[in-house]
Amino acid sequence: VGEFDGMCGPQADWVHFNAIDYNNILDQIVISSRYNNEIYIIDHSTTSEEAASHNGGVSGKGGDFLYRWGNPNTYNQGTSENQLLEAQHGVHWIPEGYPGEGNLILFNNFHGDWLSLPVNDWQSAVYEIETPMINNLGYELNEQGFFGPIEVTWLNVSDYFSYIQSGAFRLPNGNTFITVTSERRILEVS
């Protein structure tokens, strides 16, 4: 990726957070880290003091991640085969009342085994995932010791690719609105 996004070498932007969304029902925040190839959920109910610790808030976990998904290698779990995200953008919860409500949807810039393909064959994809939530508070680790799901709930792969930015948004009718920044395209898929 560094060759294409100009982000080679040491830098201050080592995680590159590129998206944030708030879920007022859960009182949680989801953020996306392009360079770590992960999304994270944190407890919004914590005070500043609690957020600096491992205790407090509705979750009782203070400022610790409640959930992280996409690349368990970043926390020494799983292998490179378990990495599902690569330079993703635009994560957010699907709104209440929409098909897939409560699930997360995001644009994954580099989908599949892209490094083995010629540049003209690279693809992006839209992922919808259902998080393994327990009692609307926390998230469960799977048997391998990392957060699931292992497979996405819904996947859209087509003839689009964007190495930067982009997003996906569920519409009330169940279709998904996709922005493909590099190609300057907007799509609606059923």
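The basis for the numbers below is simple: all heavy atoms, side chains too, and nothing from hydrogens, waters or symmetry mates.
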Strictly by modelled atom types, are [X] and [Y] linked by a side-chain donor-acceptor pair under 3.5 Å?
{"X": "Ser33", "Y": "Glu38", "answer": "no"}
{"X": "Asn36", "Y": "Tyr40", "answer": "yes"}
{"X": "Glu188", "Y": "Asn175", "answer": "yes"}
{"X": "Asn109", "Y": "Ser124", "answer": "no"}
{"X": "Ser53", "Y": "Asn55", "answer": "no"}
{"X": "Asn173", "Y": "Tyr98", "answer": "no"}

Quick check: closest heavy atoms across [X] and [Y], and the distance to 0.1 Å?
{"X": "Gly174", "Y": "Pro99", "result": "CA-CG, 3.5 Å"}
{"X": "Val30", "Y": "Ile39", "result": "CG2-CB, 4.5 Å"}
{"X": "Arg34", "Y": "Gln165", "result": "NH1-N, 4.5 Å"}

Salt bridge or not between Glu128 and Arg170? Use side-chain N to carboxylate O under 4.0 Å. yes

Going by the side chain to side chain contact (heavy atoms under 4.5 Å, CB included) test, name the single residue among Leu84, Ile41, Asn37 that passes it with Trp69. Leu84

If you look only at distance, which donor and acceptor atoms sit under 3.5 Å apart when one is on a side chain in residues 143-156 and the other is two or more places apart or in another chain?
| from | atom 1 | to | atom 2 | distance (Å) |
| --- | --- | --- | --- | --- |
| Gln144 | OE1 | Asn142 | ND2 | 3.2 |
| Thr153 | OG1 | Glu130 | N | 3.1 |
| Asn156 | OD1 | Tyr160 | OH | 2.8 |

Residue of the set His16, Gln88, His92 for which side-chain hydrogen bond (donor to acceptor under 3.5 Å, both in side chains) holds with Ser32: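 The passing option is Gln88.
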
Where do Asp43 and Thr46 land on the side chain to side chain donor-acceptor pair (under 3.5 Å) test, with the steps shown first? CA-CA 6 Å; Asp43 186 344; Thr46 58; 5.5 Å; no

What's the verdict on side chain to side chain donor-acceptor pair (under 3.5 Å) for Tyr67 and Glu140, showing C-alpha distance, side-chain angles and the deciding distance? CA-CA 8 Å; Tyr67 177 77; Glu140 177 173 68; over 6 Å; no

Any donor and acceptor pair, going by atom type alone, linking the side chain of [X] with main-chain N or O of [Y] inside 3.5 Å?
{"X": "Trp122", "Y": "Trp114", "value": "yes"}
{"X": "Gln123", "Y": "Ser158", "value": "yes"}
{"X": "Thr179", "Y": "Phe177", "value": "no"}

Out of curiosity, does [Y] fall in the hydrophobic cluster containing [X] (side-chain heavy atoms, cut-off under 4.5 Å, transitive links)?
{"X": "Ile42", "Y": "Val15", "value": "yes"}
{"X": "Leu85", "Y": "Val157", "value": "yes"}
{"X": "Phe161", "Y": "Val180", "value": "no"}

Taking the side chain as everything from C-beta on, heavy atoms only, tell me whether Trp93 gets closer than 4.5 Å to Ile25. no

Please determine whether side chain to side chain donor-acceptor pair (under 3.5 Å) holds for the pair Thr74 and Arg68, giving the CA-CA distance in whole Å, both sets of side-chain angles, and the decisive distance to 0.1 Å. CA-CA 10 Å; Thr74 60; Arg68 57 192 305 174; 3.3 Å; yes

Taking the ring of His111 and the ring of Tyr127, is the distance between their centroids below 6.0 Å? yes

Going through the distances and angles, do Phe65 and Tyr75 end up as a ring-ring contact (aromatic ring centres under 6.0 Å, His included)? CA-CA 11 Å; Phe65 293 135; Tyr75 55 101; 8.8 Å; no

